[in-house]
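Every value quoted in this text rests on a predicted model; they were computed, and no experiment measured them.
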Amino acid sequence: MKENLQQILAHFHIELFQHDLIQWFQAEKRDLPWRKEKDPYKIWVSEVMLQQTRVDTVIPYFYQFIEKFPTLDALADAEEEEVLKVWEGLGYYSRIRHLHAAVKEVKEKYGGRVPASKEQFSSLKGVGPYTTGAVLSIAYDIPEPAVDGNVMRVLSRIFYITDDIAKGSTRKKFEQIVSHIIAHDNPSDFNQALMELGALICTPKNPSCLLCPVQRHCRAFAEGVEKQLPIKTKAKAPKHVAFRAVVLVNEEGRILIEKRPSSGLLANLWQLPNDEHAPTLNEQEFIKEISERYHVLIRSMERIDTFEHVFSHIVWHIEAYKAKALQLQIDRKTTKWVTADELKQYAFPVIYQKIWQAYE
DNA sequence: CATTCGTGGAA
DNA sequence: TTTCCAAGAAT
């Protein structure tokens with residue numbers, strides 16, 4: 001914990017480690033779609049998608065996204081509604097809202113070219129310490145550390161570091177280490193190799209140390225403590241919230257949808273009418289709440305199913321209903337009556353997709 | 001520094 | 001089934 005960089009790196013063979021690591025990476029790296037070319041825009045998109053998201057999940061989204069927005073300018077010129085729809089189901093939606101804003105700024109201020117300056121790139125929305133290092137090193141071969149969860153796990157074991165990687169301050173320690181051991185002649189492969197090693201060999205639970213290309217550099221393996229690292233405190237238990245939602249159908253067979261607020265959970269996505277902000281005790285109160293909030297006259301209502309949806313920090317328990325209603329007011333700013341076909345062009349959270357499917 | 005932000009897959 | 005988590009950033 002208190003040991004300094006000199007002590008951590010004592011007896012560590014930097015050049016040999018770089019060689020072993022990069023040699024392995026070049027031979028064993030996965031053939032991923034964002035590794036086909038060095039377009040800074042595509043590298044950037046992939047890095048944003050990969051934040052807290054598995055490679056297998058990202059791959060189809062990446063293809064779909066690049067097909068729809070092949071260039072930075074194409075994304076900058078797109079409507080947010082269209083951009084959100086392509087991101088639908090991927091989660092952490094502030095990522096795409098920030099990326100969209102950042103790309104617009106790059107188009108305006110830098111002529112559409114992703115800045116290779118650490119100062120300029122890291123100042124863009126949604127671009128933090130990791131993404132800065134990842135894009136600058138992979139796309140521009142600039143020797144900046146790109147410290148993610150993989151890198152902290154791998155280096156915790158290599159150097160037998162027992163700091164809690166759940167704490168924000170710990171990342172800086174690893175960035176210092178990487179700054180001193182990064183291969184200046186190939187920072188792109190070096191950074192990617194650390195992450196690839198974490199994904200394929202130096203895994204969280206049962207690391208494949210016998211197959212590890214840098215086993216001879218690893219202090220944790222030498223001490224037989226690789227499974228006890230890294231140190232990471234548990235996340236607190238999520239809070240449970242229960243409410244109701246309803247598929248409201250008017251006389252024309254149109255369905256009522258509502259745009260969520262521009263900040264907070266699932267920002268700017270669409271949803272079905274619900275009492276999330278004023279949970280009701282019984283069905284009568286629910287009918288009253290929905291009638292007043294959405295300006296409709298409920299003619300009949302019936303529960304169709306119950307759902308549970310788990311977020312990182314919240315668990316939603318939703319009772320889903322279907323109802324026939326008289327439309328007492330035309331569309332407002334945040335609500336629309338749409339046909340089942342039109343519904344498909346709006347971005348919905350997964351939980352509301354499930355409810356819609358249950359209704360159909 | 002702690003909390004808020006999704007989702008689906010693996011152990 | 002439960003737990004943990006996956007190439008983090010903003011607040």
Between [N] and [M], how far apart are the two [atom1] atoms, rounded to whole Å?
{"N": "C:dT11", "M": "B:dG6", "atom1": "P", "answer": "13 Å"}
{"N": "C:dA10", "M": "B:dC1", "atom1": "C1'", "answer": "14 Å"}
{"N": "C:dA6", "M": "B:dC5", "atom1": "P", "answer": "22 Å"}

OP1, OP2 of C:dA10 versus side-chain N and O of A:R95: anything below 4.0 Å? no

d([atom1], [X]; [atom2], [N]) in whole Å:
{"X": "A:D148", "N": "C:dA9", "atom1": "CG", "atom2": "C1'", "answer": "14 Å"}
{"X": "A:L265", "N": "C:dT11", "atom1": "CG", "atom2": "C1'", "answer": "15 Å"}
{"X": "A:Q52", "N": "C:dA6", "atom1": "CD", "atom2": "C1'", "answer": "6 Å"}
{"X": "A:Q192", "N": "C:dA6", "atom1": "CD", "atom2": "P", "answer": "19 Å"}
{"X": "A:M152", "N": "C:dC5", "atom1": "CE", "atom2": "C1'", "answer": "13 Å"}
{"X": "A:I96", "N": "C:dA10", "atom1": "CD1", "atom2": "P", "answer": "14 Å"}
{"X": "A:H98", "N": "C:dA10", "atom1": "NE2", "atom2": "C1'", "answer": "6 Å"}
{"X": "A:R54", "N": "C:dC4", "atom1": "CZ", "atom2": "C1'", "answer": "8 Å"}

Describe the nucleic acid contact of [X] in one word from base, sugar-phosphate, nothing, applying a heavy-atom distance below 4.0 Å.
{"X": "A:V310", "value": "base"}
{"X": "A:S312", "value": "base"}
{"X": "A:T53", "value": "base"}
{"X": "A:R97", "value": "nothing"}
{"X": "A:G264", "value": "sugar-phosphate"}
{"X": "A:W34", "value": "base"}

Residues within residues 266-278 of chain A bordering DNA chain C, heavy-atom distance below 4.0 Å: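 By residue number: none to list.
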
For A:F12 and A:F17, take the angle between the two ring planes, folded into 0 to 90°, and tell me which bin it lands in: parallel under 30, tilted 30 to 60, perpendicular over 60. tilted

Can you confirm whether or not the ring centre of [X] sits under 6.0 Å from the ring centre of [Y]?
{"X": "A:H309", "Y": "A:F307", "value": "no"}
{"X": "A:H13", "Y": "A:H217", "value": "no"}
{"X": "A:W44", "Y": "A:F121", "value": "yes"}

Side-chain donor-acceptor pair present, [X], [Y], cut-off under 3.5 Å:
{"X": "A:Q327", "Y": "A:R254", "result": "no"}
{"X": "A:S188", "Y": "A:D141", "result": "no"}
{"X": "A:N274", "Y": "A:Y352", "result": "yes"}
{"X": "A:T53", "Y": "A:R95", "result": "yes"}

For salt bridge (Lys or Arg N to Asp or Glu O under 4.0 Å), just list the numbers for A:E251 and A:R299, CA-CA rounded to whole Å, side-chain angles, deciding distance to a tenth of an Å, and then say yes or no. CA-CA 11 Å; A:E251 316 88 307; A:R299 317 195 72 173; over 6 Å; no

Closest to the A:K234 side chain: C:dG8, C:dC4, C:dC5?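 Given the options C:dG8, C:dC4, C:dC5, the side chain of A:K234 is closest to C:dC4.
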
Span of DNA chain B in contact with chain A (heavy atoms, under 4.0 Å):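 Using the under 4.0 Å cut-off, the span is B:dC1 to B:dA11.
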
Comparing A:G89 and A:S169 on DNA chain B - which has the more 5′ nearest nucleotide: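 Whichever sits nearer the 5' end wins; that is A:S169.
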
Walking DNA chain B from its 5' end, the first of A:K205 and A:G168 to be reached, judged by nearest nucleotide, is A:G168

Please name the residue in the list A:W34, A:F69, A:W87 that meets the ring pair (Phe, Tyr, Trp, His ring centres under 6.0 Å) test with A:F62.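 In the set A:W34, A:F69, A:W87, the residue that makes a ring pair (Phe, Tyr, Trp, His ring centres under 6.0 Å) with A:F62 is A:W34.
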
DNA chain C: A:R35 or A:L124, which has the more 5' nearest nucleotide? A:R35

Starting at the 5' end of DNA chain C and moving along, which residue's nearest nucleotide shows up first, A:E196 or A:K125?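 Its nearest nucleotide lies further toward 5', so the answer is A:E196.
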
All pairs passing ring pair (Phe, Tyr, Trp, His ring centres under 6.0 Å) where residues 319-346 of chain A contributes a residue, at least two apart: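 Sorted result for residues 319-346 of chain A: A:W270-A:Y346, A:F286-A:Y321.
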
